[in-house]
Every structure is written in C-alpha cells, then in structure tokens.
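First up is the structure itself, then whatever we jot down about it.
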Amino acid sequence: MAVTISARTRWEKADTWEQELERRMCLATSEDTIRGMLFNGTLEVLRTVGDGSLAQRCVEECGESEFLDFFSYPARMHCQMVSTALPVLAEAFGDAEEALRQLGRLVANRFMRVGAGKVMLSLTPRSPRQLGYSLPMAYRMAVSFGQYEVKWTGARSGRFILKRDFMPHPFHEGVMEMSLSMWGGREVKVSGRPTGGLDSECDFCWQ
C-alpha cells in the first residue's frame, strides 16, 4: 500500500519532535526533577484518548508502579514518557506538534484541579493578568530546574520566557492557552518559539 505524502509528512514531523525530546533528555542531569503531578497529567491524557495499554507501558518503562503528585522524579523520565506516547497522541490530535500542545492544555487543566493548582484557582480576584504573576511560581512548584518570567507587552498581552526547560514550546503554548482560559481570558491566542538551547518563549494575548 502506497504511503501518501501527507502521511509521510506527519511521520517526519513526529520524528522531529521525538528527536527534540531525545535531545532534551540527554541534557538533563540527575538534579533535574519534575513533580509526579506532571506524570499523572500525561497518563490522564493517554487514558482520555482511549489507550490504557500505552499508559501502562509508559509507567512500566519508567520502572514505577505509580506517581505521587508531590514527589519528585527525574526529568529524563518525563521526556521518555512523552516521547513514547507521542506517536499515538499524534494520531489522535492530527500531528505531533498539536499533540504536544494538547498535552500541555490537558496537563494544565489537571494541575488546576488538584493540590496547589486548585488553591491558586480559588484565589480572588482571579483574572488572566493575575495568572501572569502566578504562573512562574506555579512552574517553580512543579520542577526543580529552569527560570520563568512573564514580561507584559500591553494591558492584555505578554511574553512568557522559559530558560532551561525540558519540554518543547508547543507544550507550553497549550499550558498558557488553557490556564489563561481557566482564569477568565476570552479568545486567548498563544504563539511560542524556541530561542536556543533549552530556552523558549510564548507570546500571549486575550480579549
């Protein structure tokens, strides 16, 4: 059966993002850790697309029986989990880039529904601008690495700057889009890009 150009293009894009995850995984050290809540968010996405067997395989490959939300695990392990799951997620969401973006959306949704994220969401007054002040703190609660900063470019726009983070920028686009929407933003738009090494930035705005 012939392989169509569109199918081949999807595979090549998936390979590109898997290679990027592999590159980032190789740069992680033993000191770089991620809270279990991000692992559980990733597994929840896999179960959402109806692939419980893949979720189980990802857990087994990590050598863990379960992940505790506030326990720290190696960042390499999370990169490996996402890389393993990416081909299936790419099929579910159209391509690998959109899969990373959707993963970010759903992981952010879960973070806001449990533990510290739930406390953040209960704060009043709650607004997209308040989220901008809170987001760097939320990232620092979830990971042991990186530098995170929001710079405002207007009353309803800003730039989220990430330095030495191990997830590609489409993931963070999804996190920003979902978070701003949950904090009251309408017609949210987010556009990310790599800026070299493990650094990236996301421009965002809302109505």
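This structure is a prediction, so every number in the text was calculated from the model and none was measured.
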Item to check | Within-4.5 Å side-chain heavy-atom neighbours: Phe67 and Leu38 | outcome: no
Next on the checklist: According to a hydrophobic-cluster definition based on side-chain heavy atoms being under 4.5 Å apart (Ile, Leu, Val, Met, Phe, Trp, Tyr only), do Met141 and Val150 belong together?
Outcome noted: yes
Item to check | Ala99: partners by side chain to side chain contact (heavy atoms under 4.5 Å, CB included), with sequence neighbours left out | outcome: Leu86, Leu89, Phe93
Item to check | Residues which pass salt bridge (charged side-chain N to carboxylate O under 4.0 Å, His left out) with Arg57, listed by chain and number, not counting sequence neighbours | outcome: Glu61
Item to check | Any pair counted as salt bridge (Lys or Arg N to Asp or Glu O under 4.0 Å), so long as it reaches residues 143-157, sequence neighbours left out | outcome: none
Checklist entry - Which residues satisfy the side chain to side chain contact (heavy atoms under 4.5 Å, CB included) test with Ser144, sequence neighbours excluded? => result Thr33
Checklist entry - Has Arg129 got its NZ or CZ under 6.0 Å from the middle of the six-membered ring of Trp152, at an angle within 45 degrees of the ring axis? => result yes
Checklist entry - Between His172 and Tyr139, do the side chains contain an N or O donor and an N or O acceptor separated by less than 3.5 Å? => result yes
Checklist entry - Which pairs count as salt bridge (Lys or Arg N to Asp or Glu O under 4.0 Å) when at least one residue sits in residues 161-172, sequence neighbours excluded? => result Asp32-Arg164
Checklist entry - Nearest 0.5 Å, what's the CG-CG distance between Leu68 and Asn40? => result 8.0 Å
Checklist entry - For Gln80 and Cys62, what are the C-alpha separation, side-chain angles and deciding distance, and is it a side chain to side chain contact (heavy atoms under 4.5 Å, CB included)? => result CA-CA 8 Å; Gln80 181 61 55; Cys62 291; 5.8 Å; no
Checklist entry - For Tyr73, which residues count as a side chain to side chain donor-acceptor pair (under 3.5 Å) partner, sequence neighbours excluded? => result none
Checklist outcome for this item: Residues at least two apart in sequence or cross-chain that pass side chain to side chain donor-acceptor pair (under 3.5 Å) with His169, listed by chain then number, are none
Item to check | Sequence neighbours excluded, every pair satisfying salt bridge (Lys or Arg N to Asp or Glu O under 4.0 Å) that has a member inside residues 64-88 | outcome: Asp69-Arg110
Next on the checklist: Let's go through Phe39 and His78 carefully: what are the C-alpha distance in whole Å and the side-chain angles of both, what is the deciding distance for side chain to side chain contact (heavy atoms under 4.5 Å, CB included) to 0.1 Å, and is it a yes or a no?
Outcome noted: CA-CA 6 Å; Phe39 288 85; His78 188 246; 3.6 Å; yes
Under 3.5 Å, which donor-acceptor pairs link side chains of residues 184-191 to any protein atom two or more places apart or in another chain?
none

Next on the checklist: Donor-acceptor check, side chain of Ser179 to backbone of Met176, threshold 3.5 angstrom: yes or no?
Outcome noted: no
Checklist outcome for this item: The side chain to side chain contact (heavy atoms under 4.5 Å, CB included) partners of Pro128 (sequence neighbours excluded) come to Leu180, Trp206
Next on the checklist: Just to verify, what does Arg159 make a side chain to side chain donor-acceptor pair (under 3.5 Å) with, not counting sequence neighbours?
Outcome noted: Asp203
Checklist outcome for this item: By side chain to side chain donor-acceptor pair (under 3.5 Å), Arg105 pairs with (sequence neighbours left out) Glu98, Gln102, Glu177
